[in-house]
Amino acid sequence: MLDIQLLRNDLEGVAGRLAARPFHLDGMEFQVLEQERKLVQTRTQELQSARNSLAKRIGQAKGKGEDVAALMSEAGEANAELQSVEAKLLQIQAKLQDFLLLLPNLPHASVPPGRSPEDNAEVRRIGEPRRFDFQVRDHVDVGEALGMFDFATATKISGARFSLMTGQLARLHRALAQFMLEVHTREHGYTEVYAPYLVNAASMRGTGQLPKFEEDLFAVPRGEEGKLYLIPTAEVPVTNIVRDEIVPLELLPLKFVCHTPCFRSEAGSYGKDTRGMIRQHQFDKVELVQMIQPEKSYDCLEQLTGHAETILQRLGLPYRVVVLCAGDMGFAAAKTYDIEVWLPGQNAYREISSCSNFEAFQARRMQARFRNEKGKPELLHTLNGSALAVGRTLVAILENYQNADGSVSVPAALQPHMDGLERIARAS
RNA sequence: GGAAAGGUGGCUGAGUGGUCGAAAGCGCCGGACUCGAAAUCCGGUGUACGGUUCUCCGUACCGUGGGUUCGAAUCCCACCCUUUCCGCCA
């Protein structure tokens, strides 16, 4: 959510910066709502003030045993207008809130303009893609040849966009998550978190999934009106740790790492990445989340991105880092780096991590604050990034570490997590 | 799922429907005392929004949402949550 003060003071400027996404800000709608709000709110408060002092006088008069009939009728009359004007105010404020909740974040000044992924700018490229002296296979062929990937059975059990792994492949998947958690907790100073996979609407609103992106979520009905949502990323439960909290300054930065499954309906991506486990309804991810003072958040974004890159470096996977252009960024982000891993089977770099600074956008929705040097509550900045998407990392390993005989080498960094296993081969 | 108790400011904890945004204590901040500290004493100490604009003023907020009333932390209804006991359960 954007600061409503900013809209009041510089509507043109905000509209200009949002146009880069591109997003059309309806300035007229806002101004009309604001004008009305001001009028109605002022009147409401006047009437409330009058009611309060009148009620007070009635109380005092009664205390002295005086006649209060005249005062009572006066109060009764004023109440009629108050009631209607209060209802009107609630209605306008709700409209204003809806308006604000649907505005995306402002892109940071360092974000390149542009509308499509082609406008993203490569920041750095690390590692040399390996040369193969045999015909490379994609992860599906590699995994199925090993007899450890079974998409057909996954489809039988659940439907499209689910996967089933068995044996050493399932173990590799587990080892990856384990390895990532250990690097981040031991070397990068993150606190491990176990968090709920089902969250309420307030949490989804806090991080920005709601109200605009409900169709991307899986919902579980519960009770009469209520429902819970399956998390699309650990970002949601973990960031909401600080919702409605005022964090003491000395606790900052808060750094959390959390491994969860993620659930996404992938509505609107029909026909996209239908093969293999690139785009699934359910996938595992290790997520980094930080909460920090505003003046430090961009340094933190660089660090956090570096933490994600560490995993790829340790695994010996070639990758590049791109800064997303304004048009390719998510709704809540002010700046995002995508990390793309090299996939020989696709002969392309594919997203494996997305690291973003949300500035105060989420914090304002969540009322997530810290107590600054002056002792005043101030909105936090929130950041997060995948480090990494476990399923896609597994894909990258299958493709980059495949051997001519159909086996897959286990990256050295993972071997300690797999009882020293060096190669995954078909069981004979 | 059943029964009971309870949700008040950073914490503990009062609060006959009427100067209650809320006693008191603790904590915290400032000051006095002190060479310094402790103890003691004095003063201050919630959040959000709006108006004004840097000084104030107003409004709202006592789990959430409704209701009764001139007036609700206080009464009524619904819901949520917590604790304890029982049942069930990994």
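Order of the sequence lines fixes the chain letters, A, B, ..., with proteins taken first and strands second; residue numbering starts at 1 for each chain.
- Note on A/Arg369: every side-chain N or O is 4.0 Å or more away from OP1 and OP2 of B/rG46.
- Side-chain contact between A/Gln209 and A/Glu235: present, with at least one pair of heavy atoms (C-beta onward) separated by less than 4.5 Å.
- A/Met291 is not listed as a side-chain neighbour of A/Leu251, based on a closest heavy-atom distance of 4.5 Å or more.
- Among the protein residues, A/Ile58 comes within range of the nucleic acid bases, having at least one heavy atom under 4.0 Å from a base atom.
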Please produce a list of atom pairs where a protein N or O lies less than 3.5 Å from an N or O of nucleotides 56-66 of chain B.
unit_1, atom_1, unit_2, atom_2, d
B/rG58, O3', A/Ser49, OG, 3.4
B/rG58, N2, A/Gln45, OE1, 3.3
B/rG58, N2, A/Gln45, NE2, 3.2
B/rU59, OP1, A/Ser49, OG, 3.3
B/rU59, O3', A/Gln48, OE1, 3.2
B/rU59, O2', A/Gln48, OE1, 2.6
B/rA60, OP1, A/Arg51, NH2, 2.8
B/rA60, OP2, A/Asn52, ND2, 3.4

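- Between B/rG36 and B/rA23, the two C1' atoms lie 36 Å apart (nearest whole Å).
- Judged purely by atom type and a 3.5 angstrom limit, A/Asn400 has no side-chain atom pairing as donor or acceptor with the backbone of A/Ile397.
- Taking atom CG of residue A/Leu33 and atom P of nucleotide B/rC49, one finds them 18 Å apart after rounding to whole Å.
- Nucleic acid contact for A/Ala55: base, since at least one base atom lies under 4.0 Å from a heavy atom of the residue.
- Pair check for B/rG17 finds none; no Watson-Crick or G-U wobble contact set falls under 3.5 Å.
- Atom CD of A/Gln415 has more than 12 heavy atoms from other residues, nucleotides or ligands within 6.0 Å.
- For the pair A/Met1 CE and B/rA48 C1', the interatomic distance rounds to 12 Å; values are reported in whole Å.
- Between B/rC81 and B/rU64, the two P atoms lie 15 Å apart (nearest whole Å).
- Under the Watson-Crick and G-U wobble criteria, each requiring two contacts below 3.5 Å, nucleotide B/rC81 is paired to B/rG6.
- Nucleotides B/rC61 and B/rU8 have their C1' atoms positioned 12 Å apart, rounded to a whole Å.
- Pairing partner, B/rC75: B/rG67, with both Watson-Crick or wobble hydrogen-bond distances short of 3.5 Å.
- Taking a cutoff of 4.0 Å between a charged side-chain nitrogen and a carboxylate oxygen, A/Arg17 and A/Asp10 do not qualify as a salt bridge.
- Taking 3.5 Å as the limit, the base of B/rG18 and the side chain of A/Lys56 contain no donor-acceptor pair of atoms between them.
- Under a 3.5 Å cut-off, the side chain of A/Asp3 and the backbone N or O of A/Gln5 do form a donor-acceptor pair.
- Going from atom CG of A/Leu96 over to atom C1' of B/rC49 covers 12 Å, rounded to whole Å.
- Of the inter-residue distances, the one linking A/Gln280 atom CD with A/Arg264 atom CZ reads 12.0 Å to the nearest 0.5 angstrom.
- With both pairing distances under 3.5 Å, B/rC89 is matched to nothing as a Watson-Crick or G-U wobble pair.
- For B/rC75 and B/rC62, the C1' atoms lie 16 Å apart once the distance is rounded to whole Å.
- Distance A/Met72 CE to B/rG71 C1': 9 Å, rounded to the nearest Å.
- Checking A/Gly59 against A/Lys376, the closest nucleotide of RNA chain B that is more toward the 5' end is the one next to A/Gly59.
- In the set B/rG18, B/rA48, B/rU19, B/rU19 carries the atom at the smallest distance from any side-chain atom of A/Gln60.
- Taking atom CZ of A/Phe370 as the reference point, atom C1' of B/rG10 lies 18 Å away to the nearest angstrom.
- The A/Ile4 side chain lies nearest to B/rG50 when the options are B/rG50, B/rA48, B/rC70.
- Only the C1' atoms considered, B/rU52 is 36 Å distant from B/rG67, to the nearest whole Å.
- To the nearest whole angstrom, the two C1' atoms, one in B/rG46 and one in B/rU53, are 23 Å apart.
- A close approach under 4.0 Å does occur between a side-chain nitrogen or oxygen of A/Arg8 and OP1 or OP2 of B/rG50.
- The base-pairing partner of B/rA32, taking Watson-Crick or G-U wobble contacts with both distances under 3.5 Å, is B/rU40.
- Taking 4.5 Å as the limit, some side-chain heavy atom of A/His173 sits within range of a side-chain heavy atom of A/Val390.
- Minimum atom distance to the side chain of A/Asn79 is reached by B/rG71, of the listed B/rG18, B/rG71, B/rG51.
- Across the protein-nucleic acid pair, A/Gln93 atom CD and B/rA48 atom P stand 16 Å apart, rounded to whole Å.
- Between A/Lys38 and B/rG51, a side-chain N or O to OP1/OP2 separation shorter than 4.0 Å is present.
- We find that CG of A/Leu249 is positioned 14 Å from P of B/rC29, with the value rounded to whole Å.
- When the C1' atom is used for both B/rA14 and B/rA37, the distance is 35 Å, rounded to whole Å.
- Across all strands shown, B/rA23 has no partner, as no Watson-Crick or G-U wobble contact with both distances under 3.5 Å is found.
- To the nearest whole angstrom, the two P atoms, one in B/rU84 and one in B/rG25, are 32 Å apart.
- Rounding to the nearest 0.5 angstrom, the gap separating the CD1 atom in A/Ile292 from the CG atom in A/Leu383 is 8.0 Å.
- Taking atom CG of A/Asp244 as the reference point, atom P of B/rC81 lies 17 Å away to the nearest angstrom.
- Pairing of B/rC56, defined by two Watson-Crick or G-U wobble distances under 3.5 Å, is identified with B/rG51.
- A donor-acceptor distance shorter than 3.5 angstrom exists from the side chain of A/Ser297 to the backbone of A/Pro294, with no hydrogens or angles considered.
- When distances are taken from the side chain of A/Gln5 to each of B/rG18, B/rA48, B/rG50, the shortest belongs to B/rG50.
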